[in-house]
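Take a look at the structure set out below.
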Amino acid sequence: MFEERARNHITGRDSFDQRDVVIKIINYRAGNLQNLKNGIEAAGYQAEIADSPDELVGAEKIVLPGVGAFGHAMDNLTRYGFDGYLKNP
């Protein structure tokens with residue numbers, strides 16, 4: 001029951017096939033994205049690593065991986081152009 005409610009919250013749907021949900025992971029060159037991608041796929045979702053803001057267009061769900069030093073992460077989000085997209089998708 002909890003898992004179903006969590007999935008519904010993630011997708012915004014009452015019922016769905018999680019295999020149809022594509023989760024985009026922002027690659028701002030920090031963190032271990034492959035392990036995150038593997039975990040999302042192990043949960044039954046499709047996952048893609050987005051290397052540019054253009055790859056986020058049309059994404060149902062976006063993951064911004066956390067890191068310990070967010071100042072550096074924000075610098076990289078800006079350097080690779082993700083900051084504008086995240087402010088105005």
Side-chain angles (χ1 to χ4, degrees):
M1 176 86 164
F2 173 77
E3 289 177 2
E4 182 178 342
R5 284 185 301 177
R7 278 196 229 77
N8 291 346
H9 177 74
I10 290 169
T11 63
R13 303 179 194 171
D14 288 332
S15 63
F16 70 96
D17 185 345
Q18 68 195 44
R19 294 169 295 183
D20 294 336
V21 175
V22 178
I23 299 173
K24 304 276 184 136
I25 303 165
I26 295 177
N27 181 9
Y28 57 95
R29 284 59 171 192
N32 187 341
L33 303 183
Q34 190 59 52
N35 275 347
L36 176 58
K37 182 178 185 285
N38 292 345
I40 291 169
E41 290 173 345
Y45 298 90
Q46 297 179 56
E48 297 175 3
I49 296 173
D51 294 317
S52 73
D54 293 338
E55 295 178 44
L56 297 176
V57 174
E60 286 187 65
K61 302 295 174 189
I62 298 172
V63 174
L64 174 59
V67 295
F70 198 74
H72 174 70
M74 192 64 217
D75 290 343
N76 280 354
L77 285 168
T78 300
R79 178 177 300 128
Y80 296 108
F82 287 107
D83 62 325
Y85 182 87
L86 293 172
K87 291 175 186 173
N88 300 302

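Nothing fancy with the numbering, it's 1 onward along the sequence. Worth knowing before you read on, the calculation uses all heavy atoms, side chains too, and leaves out hydrogens, waters and symmetry mates.
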**OP:** Take Val57 and Glu55, measure what side-chain contact (heavy atoms from CB on, under 4.5 Å) needs, and give me the verdict at the end.
**Re:** CA-CA 6 Å; Val57 174; Glu55 295 178 44; over 6 Å; no

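- Contact of the Tyr85 side chain with the Leu77 side chain is not registered, since no non-hydrogen atoms from C-beta on lie closer than 4.5 Å.
- Between Ile62 and Phe82, the closest side-chain pair of non-hydrogen atoms is not below 4.5 Å.
- We find the CD-CD1 distance between Glu48 and Ile23 to be 10.5 Å, quoted to the nearest 0.5 Å.
- Here the side chain of Tyr28 pairs a donor or acceptor atom with the backbone of Pro65 at under 3.5 angstrom.
- With rounding to the nearest 0.5 angstrom, the CZ atom of Arg29 is 8.0 Å from the CG atom of Asn76.
- In plain terms, the two heavy atoms of Lys24 and Leu56 that are nearest each other are CB-CD2, 3.8 Å.
- Between Pro53 and Gly81, the shortest heavy-atom contact is CG-O, 3.1 Å.
- Here the straight-line distance linking atom CZ of Arg79 with atom NE2 of His72 works out to 7.0 Å at 0.5 Å rounding.
- The two residues Met74 and Asp83 have their closest heavy-atom pair at CE-CB, 3.9 Å.
- Counting only distance, with no hydrogens or angles, the side chain of Asn27 and the backbone of Ile49 share no donor-acceptor pair below 3.5 Å.
- Put simply, the side chain of Tyr80 does not reach to within 4.5 Å of the side chain of Ile26, judged on heavy atoms.
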